[in-house]
Amino acid sequence: MENLTQLRKLGLFDARVPRYTSYPTAPHFAGGIGGSHVSDWIRAIPQGSQISLYLHVPFCRRLCWFCACRTQGTSTLSPVAAYVDSLTQELETLKSHLLPGITISHLHWGGGTPTLLDPGMIERLSAAIFDTAPLGENAQFSVEIDPNEIDDARMDALVAVGLNRASLGVQDFDPMIQEVIGRPQTFEVTKAAVDGLRARGVPSLNVDLLYGLPHQTNARMTDSVKKVLSLGPDRIALFGYAHVPWMARRQGLIPTEALPSPEERLELFNLSRDLFVADGFDEIGIDHFARPEDGLSKAHKAGTMHRNFQGYTEDSAEALIGIGASSISRYPQGYAQNAPATSAYQERVRAGQLPVTRGHAFTGDDILRGRVIEQILCDFAVDLPAIAREVGVDPATAVALADGLAETLPGTVSVTDGVLTIEPQARPLARIIARYFDAYEMNEAGHSQAV
């Protein structure tokens, strides 16, 4: 295909497509899933198995304007301390439903700013987690770290409780861009955090970057990428900035006229990708990069990589349990989301309830379609009959899902013996191709296509 012309024609530059960290995606969750469903789902986790655990800390000292996550600002630690009380109580409720012998394979603290917690809170929360379920052998314990909001005492506390992977938010190092997005963070502050973590023996560091920010140019992006590479990260996530001020009101502070065009966004991504690859990183899926010796790269090469709400992961646990306001859990039976508002979440926790307010129980061909979408975004290819056998359906049913795709998106895929492969030049369209398998996307008449 004539790349830019065909990519534009097929919708790359104007389509709004989910990132597909779940299927169905969160906008399609609904009421009707509550604590009684989830308690049954938790009790169904086999004795002695492993789970993945995510804790959401929604508080930030300052609210970055680019961020669309569910967060809230605070100038004191009082609400944070009260929230830690709620987290520990929710963990107690979770523990009462878990069968014996369950361990944690992956533990992740996200936000918000988890490093707002002082050392005492870190120790208390960790103790509550490990009382619920201990870390398993070779478990990963990662925390999202704001370099502006970390010091020696908090690094010491995190390492003491088992931190072995740190995720540092950078976004961009250009001072003017940082000012426009409300995220001042010098390279020196970031390097000090990296050096402190490395000195304490944290073996794995990953960095988050954004492309498509206001005033980003090829030269500025190149400078930020080179500074990131000088920090020696093991993984890099290169996310496209999504400007959705109608969903995240704070984004209204970002000047729309300064945003790069869709074509310029693609150029910024390609430029960054080429710099990462030239530095020895493996390209992972649609937006990650990892050193060849990193576990994510190894899982990618082995075909065992997965995709969840934190992005790409080598975690194979069947249950990912979210703790905290707005957290989403995934069980073999479906998804469950906690009350989004902190006050509503805390009220339910104080009442001794699992604070679930909505979700989705898998039905029909949800699991089949979800695995197909996941495989497409992990590997740019999917063996449809093999996926069908994996989930226990007729292979012909899976192959039929791709009927018409090659005609709808010409020049993007090939299908041979049921194996669908995205052509290399069409990989930027991977999410659009994945959407073809999404039965919950709304049609032009506004009705769900789900069956």
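Atom set for the values below is all heavy atoms of this structure, side chains included, hydrogens, waters and symmetry mates excluded. All values reported here derive from a predicted model rather than from experimental measurement.
In this structure, SG in Cys378 is found 9.5 Å from CD1 in Ile286, a value given to the nearest 0.5 Å. Atom CD in Gln375 sits 12.5 Å away from atom CZ in Arg307 (nearest 0.5 Å). Note that the CG atom of Leu135 and the OG atom of Ser105 stand 9.5 Å from one another [nearest 0.5 Å]. The CG atom of Leu209 lies 11.5 Å from the CG atom of Leu268; values are rounded to the nearest 0.5 Å. Within the model, atoms CD1 of Ile321 and CD1 of Ile102 stand 7.5 Å from one another, a figure rounded to the nearest 0.5 Å. Atom CG of residue Asp379 and atom CE of residue Met305 lie 6.0 Å apart, to the nearest 0.5 angstrom.
The aromatic ring centres of Phe281 and Phe289 sit 6.0 Å or more apart. Between Phe309 and Tyr54, the ring centre distance reaches or exceeds 6.0 Å.
Between the side chain of Arg265 and the main chain of Leu259, no donor-acceptor pair closer than 3.5 Å is present. Checking side-chain atoms of Thr115 against main-chain N and O of Glu149 turns up a donor-acceptor pair under 3.5 Å. Gln337 places no side-chain N or O within donor-acceptor distance of the main-chain N or O of Thr357, the cut-off being under 3.5 Å. Judged by distance alone, with hydrogens and angles left aside, the side-chain atoms of Asp366 form a donor-acceptor pair with the main-chain N or O of Thr363 at under 3.5 Å. Between the side chain of Gln140 and the backbone N or O of His106, no donor-acceptor pair lies under 3.5 Å. Within the 3.5 Å criterion, the main-chain N or O of Ala325 finds a donor-acceptor partner in the side chain of Tyr83. In this structure, Glu90 contributes its side chain and Gly324 its backbone to a donor-acceptor pair below 3.5 Å. For Gln178 (side chain) and Gln185 (main-chain N/O), a donor-acceptor pair under 3.5 Å exists by modelled atom type. The closest donor-acceptor contact from the side chain of His28 to the backbone of Thr25 lies at 3.5 Å or more, if one exists at all. No side-chain donor-acceptor contact under 3.5 Å links Tyr331 to the backbone of Ile45.
Of all heavy-atom pairs spanning Gln216 and Gly212, the tightest one is OE1-N, 2.7 Å. Residue Gly169 comes nearest to Arg183 through the heavy atom pair O-NH2, 3.2 Å, listed as atom of the first residue, atom of the second, then distance. Val143 and Pro114 get closest at one heavy-atom pair: CG1-CB, 4.0 Å. Across all their heavy atoms, His300 and Gly285 have their closest contact at NE2-N, 4.3 Å. For Ala388 against Asp394, the heavy-atom pair with the smallest separation is CB-O, 3.9 Å. Minimum heavy-atom separation, Pro332 to Ile367: O-CD1, 4.2 Å.
By the side-chain contact (heavy atoms from CB on, under 4.5 Å) test, Ala344 pairs with Ala339, Ala341, sequence neighbours left out. Scored by the ring pair (Phe, Tyr, Trp, His ring centres under 6.0 Å) test, Phe173 finds Phe187 as partners (sequence neighbours excluded). With sequence neighbours excluded, the residues satisfying side-chain contact (heavy atoms from CB on, under 4.5 Å) with Pro385 are Asp383, Arg389, Pro395, Val399. When the ring pair (Phe, Tyr, Trp, His ring centres under 6.0 Å) test is applied to Phe141, the partners found at least two apart in sequence or on another chain are Trp109.
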Practice task
I would like to know whether Leu107 and Leu55 meet side chain to side chain contact (heavy atoms under 4.5 Å, CB included); could you show each step before the answer?
Solution key: CA-CA 8 Å; Leu107 172 61; Leu55 278 85; 3.8 Å; yes
Problem - Worked check of side chain to side chain contact (heavy atoms under 4.5 Å, CB included) between Asp172 and Tyr211 - result: CA-CA 8 Å; Asp172 192 286; Tyr211 69 94; over 6 Å; no
Handout entry: Chi angles and distances behind the side-chain hydrogen bond (donor to acceptor under 3.5 Å, both in side chains) call for Ser52, Asp315
Key = CA-CA 8 Å; Ser52 185; Asp315 184 21; 2.9 Å; yes
Problem - Verdict with supporting geometry, Phe437 and Val382, side chain to side chain contact (heavy atoms under 4.5 Å, CB included) - result: CA-CA 12 Å; Phe437 297 90; Val382 55; 5.8 Å; no
Exercise for the section: Decide yes or no on side-chain hydrogen bond (donor to acceptor under 3.5 Å, both in side chains) for Glu144 and His108, but give the supporting numbers first. Expected result: CA-CA 8 Å; Glu144 294 175 11; His108 185 80; 3.0 Å; yes
Handout entry: Candidate pair Arg369 and Leu401, rule side chain to side chain contact (heavy atoms under 4.5 Å, CB included), full reasoning
Key = CA-CA 8 Å; Arg369 289 177 180 270; Leu401 294 179; 3.4 Å; yes
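Residue-environment remark: CD (Glu390) exceeds the threshold of 12 foreign heavy atoms within 6.0 Å. Heavy-atom neighbours of Arg427 CZ from other residues, nucleotides or ligands within 6.0 Å: above the threshold of 12. For CD of Glu293, the number of neighbouring non-hydrogen atoms (other residues, nucleotides, ligands) closer than 6.0 Å is greater than 12.
Under the 3.5 Å distance criterion, with hydrogens and angles disregarded, no donor-acceptor pair is assigned to the side chains of Ser142 and Arg165. Using modelled atom types, one finds a donor on one side chain and an acceptor on the other under 3.5 Å when comparing Asp282 with Ser297.
Annotation: side chain of Arg8 is in contact with side chain of Glu263 (closest heavy-atom distance under 4.5 Å). Using a 4.5 Å cut-off on side-chain heavy atoms (C-beta onward), Leu238 and Val228 make no contact. Residues Ile51 and Ile104 are in side-chain contact: their nearest non-hydrogen atoms beyond the backbone lie under 4.5 Å apart. Looking at heavy atoms from C-beta onward, His97 lies in side-chain contact with Leu354 at the 4.5 angstrom threshold. Counting heavy atoms from C-beta outward, Asp174 and Leu213 have side chains that stay 4.5 Å or more apart. In this structure, the side chains of Leu266 and Leu7 come closer than 4.5 Å at one or more pairs of heavy atoms. The shortest distance between side-chain heavy atoms of Met221 and Asn218 does not fall below 4.5 Å. Counting heavy atoms from C-beta on, the side chains of Tyr335 and Ile33 never come closer than 4.5 Å.
For residues 387-430, no residue pair satisfies the ring-ring contact (aromatic ring centres under 6.0 Å, His included) rule, not counting sequence neighbours. For residues 224-242, the salt bridge (Lys or Arg N to Asp or Glu O under 4.0 Å) pairs, not counting sequence neighbours, are Arg198-Asp234, Asp223-Lys227, Arg235-Asp294, Arg235-Glu314.
The aromatic rings of Tyr440 and His360 stand perpendicular to each other, their planes meeting at an angle above 60°, with 30° marking the opposite boundary.
The existence of a salt bridge linking Glu374 and Arg371 is confirmed by a sub-4.0 Å separation between a basic side-chain nitrogen and an acidic carboxylate oxygen. With salt bridges taken as basic N to acidic carboxylate O contacts below 4.0 Å, one links Asp146 and Arg62.
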